[in-house]
Asks: 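This is the structure I have questions about; it appears just below.
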Protein chains: 2
Amino acid sequence: MAKNTTTVSDLRQERSNPPFSINDMTEFYDGGSEATKKRKLISSLILNNPAFKWLERHYWTRDEAYSSNVQCLAEVAKILRKHKLNVDDFMHYYWLVSTIGEVVSFEMHLTTWKSALQDQGTSEQQKKWLPLVDNFKIVATYCQTELGHGTFIRGFETTATYDPKTREFILNTPTLTATKWWIGEVAKTATHALVMAQLWTQNKCYGPHLFILQVRSLEDHTPLPGITLGEMGDKFGYNSVDDGFMQLSNVRIPRDQMLMRHSKVTLDGSFIPPKNPRLTYVAITLYRCQLLMLCSNYLARASTIAVRYSAIRRQTETKPGYEPKVLDYVTQQNKLFPHIAGAYALACTGHYMIDFGKRATERIKLEDLSVLAEFHGISSGLKAFCTEMSVSGHIYNNWLASCTYEGENTVMYLQSAKYLLRCVKNPKSAPLGVSAVLHNPPGKHWDVKNMQDLEKTNTVLEAYRARAYKKVAIADKYLRELQSGGDTSYDAWNKSGIKLVDCAKAFTHYFVIKTFFNMIEKSRLGQSCHLQLHRLSILLALHGIDQNTGDFMLDNFIDFEQIKLIRVKILELFSEIRPVAVCLVDAFDIPDQTLLSVLGRYDGDVYNKLFEWAKEAPLNKTQVHSSYDKYLRNLLTSKL
Amino acid sequence: MAKNTTTVSDLRQERSNPPFSINDMTEFYDGGSEATKKRKLISSLILNNPAFKWLERHYWTRDEAYSSNVQCLAEVAKILRKHKLNVDDFMHYYWLVSTIGEVVSFEMHLTTWKSALQDQGTSEQQKKWLPLVDNFKIVATYCQTELGHGTFIRGFETTATYDPKTREFILNTPTLTATKWWIGEVAKTATHALVMAQLWTQNKCYGPHLFILQVRSLEDHTPLPGITLGEMGDKFGYNSVDDGFMQLSNVRIPRDQMLMRHSKVTLDGSFIPPKNPRLTYVAITLYRCQLLMLCSNYLARASTIAVRYSAIRRQTETKPGYEPKVLDYVTQQNKLFPHIAGAYALACTGHYMIDFGKRATERIKLEDLSVLAEFHGISSGLKAFCTEMSVSGHIYNNWLASCTYEGENTVMYLQSAKYLLRCVKNPKSAPLGVSAVLHNPPGKHWDVKNMQDLEKTNTVLEAYRARAYKKVAIADKYLRELQSGGDTSYDAWNKSGIKLVDCAKAFTHYFVIKTFFNMIEKSRLGQSCHLQLHRLSILLALHGIDQNTGDFMLDNFIDFEQIKLIRVKILELFSEIRPVAVCLVDAFDIPDQTLLSVLGRYDGDVYNKLFEWAKEAPLNKTQVHSSYDKYLRNLLTSKL
Ligand SMILES: Cc1cc2nc3c(=O)[nH]c(=O)nc-3n(C[C@H](O)[C@H](O)[C@H](O)COP(=O)(O)OP(=O)(O)OC[C@H]3O[C@@H](n4cnc5c(N)ncnc54)[C@H](O)[C@@H]3O)c2cc1C
Ligand SMILES: Cc1cc2nc3c(=O)[nH]c(=O)nc-3n(C[C@H](O)[C@H](O)[C@H](O)COP(=O)(O)OP(=O)(O)OC[C@H]3O[C@@H](n4cnc5c(N)ncnc54)[C@H](O)[C@@H]3O)c2cc1C
């Protein structure tokens with residue numbers, strides 16, 4: 001009578017004869033064989049370290065979670081020293097390995113802080129501070145947001161006033177709303193912070209700048225005089241991190257603790273402006289590109305769990321005595337396969353943008369600033385679009401906040417739209433890739449007549465390009481009409497808001513699909529892997545059209561017959577992907593130890609292990625809970 | 001220099017001159033003045049009881065959360081006795097008041113258990129067991145799902161075998177996957193369970209039936225012989241509830257503990273089948289209607305927090321020295337106002353369906369079963385559609401599971417689709433309301449020429465009806481084509497899955513919009529309230545079209561010019577709703593004590609109170625955390 005007990009062999013069977021090399025696919029996903037090697041090395045160093053007690057986390061109190069996190073920080077420092085690893089590499093992979101375990105407490109320390117310093121610090125400042133960070137002689141954090149302001153940086157109230165007599169800056173948070181807020185690791189861990197404050201000198205305000213501030217004693221870890229630090233309380237997710245607040249009252253720091261690569265304050269207090277104020281945004285823009293990899297990672301984890309479980313879960317008799325795996329239901333495939341494709345697409349976008357960021361940084365160092373606007377315009381749209389894609393299935397709690405931090409998504413879309421409209425207005429200033437979309441009207445009708453046409457990446461991409469072109473044109477026209485109708489530029493901008501967000505989304509969607517297609521094309525993968533990726537990319541693209549038919553049908557560019565073809569093609573792709581679905585998620589190569597999911601176990605032994613796992617639950621330590629004596633016994637036994 | 005300190009007066013100003021009676025609106029939302037009175041009474045009884053320590057919950061361990069929950073159970077029993085309240089009324093409002101606080105631990109006891117018993121128990125069984133439940137002489141739970149099966153009820157493996165010699169049933173969970181799983185309150189609290197098991201008698205299996213089983217001693221609360229009970233571990237949400245598992249080994253219960261209103265087993269073991277096997281689904285269907293109220297409640301809570309906070313939060317300078325409230329941004333309105341409308345719409349749908357359920361139950365009692373299929377067909381679509389609507393903005397963690405329990409949403413849509421296709425096939429069996437949609441082809445083109453046309457509810461509704469009509473027809477045609485093309489009926493059904501879900505969604509969407517319109521029309525509200533609700537209902541309907549333009553443009557029913565009109569109208573509605581947005585959420589009447597959100601405070605004093613709240617965080621009890629000495633000191637002070 002036993003049913004549903006074939007889970008292990010069910011999963012084994014899914015892997016029995018993979019028509020492509022899973023290892024090659026993993027290397028593609030990681031961004032090359034070198035990358036896979038590095039990831040595996042760093043992953044093993046972490047996973048073999050007993051401080052990383054991933055599975056136990058489920059039952060930890062806030063205090064235990066935080067404490068373990070600090071322990072991990074210390075262990076990471078040891079690992080880095082012992083194995084003489086490159087810190088930036090390490091962090092890149094450490095992140096990817098540890099996302100779900102929530103061990104992220106030195107994100108600020110080794111990423112934001114460092115990149116801001118590299119980006120905006122003078123070479124002396126870098127020489128002094130970077131080794132301290134790399135060697136964990138200090139723990140650093142990044143202090144920007146205030147209680148009263150997040151998005152609107154110019155509105156920050158924290159001040160840094162230059163005192164030429166002592167050659168110091170005096171830092172203050174003069175109001176309650178100036179309190180620095182949501183600052184990762186500042187509450188209990190950090191010894192130093194990069195503080196964003198309004199620079200005042202010679203009685204004039206020159207806007208927000210970054211300052212290095214020691215916040216805690218290196219002797220006994222107590223907050224330094226004039227500095228109040230505290231924790232914000234429990235959150236949905238990130239509870240191992242001590243996000244907190246900071247208040248400053250007349251705290252003095254030496255002049256050389258203002259980051260002065262671009263703006264400068266001379267000894268006597270004169271202000272020297274930067275060549276390009278946008279230069280101050282490079283660090284955060286680079287960081288946004290890193291986020292794309294995490295977007296992919298979260299989707300990959302969720303897909304791994306859901307696909308594997310769906311391949312062992314049997315439900316609903318469809319023939320006498322036979323229950324299919326739920327992965328065989330088309331509705332289930334519809335829920336999962338686009339996300340597998342999405343994880344690969346986001347990885348491609350991430351690799352591409354990190355590379356773009358590196359090239360951009362090189363050019364900026366050579367004082368070539370032309371690339372800056374493009375980098376910023378495109379990456380802000382991507383930040384919003386990709387985080388949204390990665391939380392679209394209600395995926396992970398602690399990842400939801402990615403839609404808010406590092407630039408709130410609506411605001412990001414609006415910035416991207418602003419860039420696109422500027423490109424429309426000044427065709428000459430627009431880079432080639434953007435021009436190709438915005439200054440090249442699409443044909444009247446989509447060139448798709450049959451199923452084969454739907455396999456051509458150029459043809460499919462053209463639908464996205466046409467949509468982006470039109471959506472940008474609509475927003476642009478609307479905005480101009482409102483302005484010429486007499487609206488102030490703010491009112492016109494605000495009233496166009498929905499259309500602006502729409503146009504940035506459409507452009508970014510195009511960009512993601514294009515990058516996915518290109519990266520597959522460019523890769524030197526064997527034919528069998530190539531075929532799988534081609535299918536996934538076409539699926540993602542067609543699914544995107546099917547989810548937004550109204551957009552693509554604009555001006556009848558795509559017609560109903562073509563939409564019908566798309567739907568047939570999607571079902572065909574589902575049936576082609578179905579037999580390799582488990583192998584495709586295996587290729588993400590996420591070990592059970594960090595997947596942290598009994599349902600997603602590699603070996604498929606779900607029911608046995610789920611039951612064992614449940615038995616370990618702390619509430620099972622006693623048969624009768626203490627609350628029985630306190631509250632229930634009386635209730636149940638009293639006479640009415 | 002202080003900014004952003006006008007939050008209290010900002011919120012006061014939003015309420016300064018409401019153009020409608022908030023009290024009338026509250027009564028409409030609650031479903032009448034009597035309902036408001038009852039809710040307020042029950043709310044005050046709970047909120048004034050010190051056992052309900054809502055705010056403290058944030059920092060509780062699992063054990064503390066569970067313990068407090070049991071205490072609340074005991075307090076509720078006392079309240080019920082002392083105030084001689086109607087138990088069903090009480091539970092209805094108790095739920096709505098306590099959703100966020102996660103005090104839900106006797107949901108099974110007073111709702112599912114009771115309605116199943118009322119529905120399927122004989123009058124003797126009701127006479128014996130209902131008072132025990134109402135008076136808390138036992139704590140009861142509902143035990144259906146197994147480790148191996150959820151959706152597929154016929155696949156359950158738990159058995160109840162009749163032994164005519166002793167006139168007992170012998171209950172067994174013969175395999176690991178037969179283990180009852182996900183059972184609310186069974187792990188630590190319940191003394192009795194309604195167990196669903198395969199009925200075996202005279203060597204034949206008659207499918208799943210319900211049995212009353214005592215699981216714990218009423219003397220000392222230990223599990224009875226042959227019964228293994230345990231907890232499942234921590235979850236996302238519902239951590240005050242002891243969801244658990246149950247294994248049974250030859251547990252004997254007297255014959256009269258099978259619920260025998262419909263199916264019967266005689267003394268000698270003969271089986272007497274029910275008149276209509278669907279009768280066994282009435283309880284769960286009724287419960288699904290209750291869920292709709294909770295859907296509304298969660299949306300109302302989320303909207304209250306977001307709208308109030310957006311009305312005090314100022315961000316981004318748009319004129320020198322002036323930062324608007326973020327609620328003034330059209331993009332923000334677009335994120336929030338449809339959800340306000342959604343909360344009202346779901347409440348209307350909930351009230352309507354609860355009433356429908358009552359009428360249906362009456363008719364069923366009179367042996368008139370015609371209404372059963374309609375009730376089940378419509379409520380399964382609603383279960384899925386409304387829970388999805390209520391989690392659409394990543395709203396509440398603990399509410400997400402509503403998409404799974406009480407019928408997994410995809411499966412619900414498929415059931416609804418099955419019903420709709422049956423109505424297509426047998427027009428005579430279709431009730432009037434369904435026939436009006438499915439057997440009445442829409443016109444060629446939507447009758448909208450100008451903005452005024454968009455205010456006519458009939459006209460707007462016709463767009464939804466046309467979409468439902470077409471989507472059902474498409475699914476029906478596709479399915480029939482596949483079948484006549486030689487597919488087995490299972491294969492055809494599976495391949496049509498996406499279209500089937502689509503058609504059920506389209507029908508249910510129509511149903512929700514229609515019900516919202518009708519309930520407003522029917523209400524005897526004054527003109528000023530009526531006007532606001534009319535706007536909200538038109539907004540919800542037009543927003544729904546705008547989100548699904550492709551569907552509505554099918555066969556050019558709606559054209560591009562009309563879509564453009566809709567978008568203009570939506571902006572107009574936003575600007576009309578903006579001044580009353582805060583009053584509209586105030587009308588949900590959710591007290592701060594259960595809203596549990598500093599951002600959503602009624603008085604708008606957000607910054608001061610947020611800071612105070614943060615300072616109370618447990619990690620702030622010490623300046624230097626114990627982990628410093630354990631892990632950090634060494635790291636920071638050691639020489640390299
Ligand atoms: C988990 C987490 C960790 C964080 N860690 C750090 C950290 O370590 N250091 C740090 O400095 N900060 C940190 N932050 C803060 C983060 O950077 C801010 O939350 C973010 O910048 C958004 O600002 P805000 O929260 O003030 O939202 P707001 O800017 O107030 O936005 C509120 C709403 O108003 C809308 N809005 C605002 N301006 C406009 C506009 N001009 N047009 C249209 N709509 C608008 C937004 O779309 C949004 O819906 C963290 C945040 C989180 C959630
Ligand atoms: C918080 C919570 C509390 C609960 N409390 C209780 C309780 O007190 N008592 C109780 O008895 N149960 C309880 N449940 C269990 C709940 O009723 C089941 O989870 C639900 O019935 C779904 O079953 P399943 O989880 O086995 O999913 P499955 O049925 O296994 O579904 C898995 C996936 O397969 C798909 N699928 C399944 N069948 C089909 C099909 N025929 N066609 C297409 N797709 C299909 C589904 O769409 C889904 O994506 C609870 C669950 C939760 C999450």
Asks: Side chain from CB out, backbone as N, CA, C, O: work out which of these in A:Ser575 comes under 4.5 Å of a heavy atom of chain B, or both, or neither.
Replies: neither
Asks: Excluding sequence neighbours, so at least two apart, what forms side-chain hydrogen bond (donor to acceptor under 3.5 Å, both in side chains) with B:Lys630?
Replies: none
Asks: Looking at chain A, which one of B:Ile498, B:Thr61, B:Thr549 has the largest number of heavy-atom pairs inside 4.5 Å, strictly under?
Replies: B:Ile498
Asks: Of the listed residues (B:Asp629, B:Ile474, B:Asn608), which shares the most heavy-atom pairs with chain A below a 4.5 Å separation?
Replies: B:Asn608
Asks: Quick one: which of B:Thr316, B:Thr331, B:Asp220 has the most heavy-atom pairs under 4.5 Å with chain A, could you say?
Replies: B:Thr316
Asks: So which part of A:Glu64 gets closer than 4.5 Å to some heavy atom of chain B, the side chain, the backbone, both or neither?
Replies: neither
Asks: Given the options B:Gly150, B:Ala51, B:Ser67, B:Ala77, which has more heavy-atom pairs under 4.5 Å with chain A than any of the others?
Replies: B:Ser67
Asks: Which atoms of B:Leu636 come close to chain A, meaning under 4.5 Å heavy atom to heavy atom: side chain ones, backbone ones, both, or neither?
Replies: both
Asks: When heavy-atom pairs shorter than 4.5 Å are enumerated against chain B, which of A:Leu619, A:Val501, A:Thr622 gives the highest number?
Replies: A:Leu619
Asks: Name the region of B:Glu219, side chain, backbone, both or neither, that has any atom closer than 4.5 Å to a heavy atom of chain A.
Replies: backbone
Asks: For chain B, find which of A:Asp551, A:Ile563, A:Asn334 contributes the most heavy-atom pairs closer than 4.5 angstrom.
Replies: A:Asn334
Asks: Ignoring hydrogens, what is the shortest heavy-atom contact between B:His221 and B:Arg216? Give both atom names and the distance.
Replies: O-CD, 2.7 Å
Asks: Applying side-chain hydrogen bond (donor to acceptor under 3.5 Å, both in side chains), name anything that partners B:His625, two or more places apart in sequence or on another chain.
Replies: A:Asp63, B:Ser627
Asks: Between B:Glu388 and B:Tyr413, is the side chain to side chain contact (heavy atoms under 4.5 Å, CB included) condition met? List the steps.
Replies: CA-CA 12 Å; B:Glu388 273 168 26; B:Tyr413 279 130; 3.1 Å; yes
Asks: Step by step, would you call B:Arg314 with B:Thr7 a side chain to side chain contact (heavy atoms under 4.5 Å, CB included)?
Replies: CA-CA 9 Å; B:Arg314 294 175 179 274; B:Thr7 61; over 6 Å; no
Asks: Name the member of B:Thr179, B:Leu229, B:Val411, B:Leu632 that forms the most heavy-atom pairs with chain A at distances under 4.5 Å.
Replies: B:Leu632
Asks: Heavy-atom distance under 4.5 Å to chain B: side chain of A:Leu132, backbone, both or neither?
Replies: neither
Asks: Looking at A:Asp546, A:Leu218, A:Asp491, A:Asp555, which makes the most heavy-atom pairs under 4.5 Å with chain B?
Replies: A:Asp555
Asks: Considering only heavy atoms, which portion of A:Phe245 lies under 4.5 Å from any heavy atom of chain B: side chain, backbone, both, or neither?
Replies: side chain
Asks: Measure distances from B:Trp60 to the heavy atoms of chain A and classify the residue's part below 4.5 Å as side chain, backbone, both or neither.
Replies: neither
Asks: Hey, could you give me the CD/CD1 distance between A:Gln333 and A:Ile570, rounded to the nearest 0.5 Å?
Replies: 12.0 Å
Asks: Carefully, step by step, assess B:Trp493 and A:Thr318 under the rule side chain to side chain contact (heavy atoms under 4.5 Å, CB included).
Replies: CA-CA 10 Å; B:Trp493 181 260; A:Thr318 56; over 6 Å; no
Asks: Sort out for me which of A:Arg567, A:Lys335, A:Glu75, A:Glu616 touches chain B most, counting heavy-atom pairs under 4.5 Å.
Replies: A:Lys335
Asks: Return yes when atom CD of A:Gln623 has more than 12 non-hydrogen atoms of other residues, nucleotides or ligands closer than 6.0 Å, and no otherwise.
Replies: no
Asks: Out of B:Asn409, B:Leu500, B:Thr151, which residue meets the side chain to side chain contact (heavy atoms under 4.5 Å, CB included) rule with B:Leu414?
Replies: B:Leu500
Asks: Where does A:Pro324 contact chain B at under 4.5 Å (heavy atoms): side chain, backbone, both or neither?
Replies: side chain
Asks: Do you know the tightest heavy-atom contact between A:Phe156 and A:Gln198?
Replies: O-NE2, 2.8 Å
Asks: Relative to chain A, which of B:Leu610, B:Leu571, B:Thr222 shows the most heavy atom pairs under 4.5 Å?
Replies: B:Leu610
Asks: Distance from A:Phe611 atom CZ to B:Leu147 atom CG, nearest 0.5 Å?
Replies: 8.0 Å
Asks: For B:Tyr490, is it the side chain, the backbone, both, or neither that has a heavy atom closer than 4.5 Å to a heavy atom of chain A?
Replies: side chain
Asks: I would like to know whether A:Phe574 and B:Lys495 meet side chain to side chain contact (heavy atoms under 4.5 Å, CB included); could you show each step before the answer?
Replies: CA-CA 10 Å; A:Phe574 282 171; B:Lys495 286 185 197 161; over 6 Å; no
Asks: Between A:Gly497, A:Gly233, A:Ser496, which shows the greatest number of heavy-atom pairs under 4.5 Å with chain B?
Replies: A:Gly233
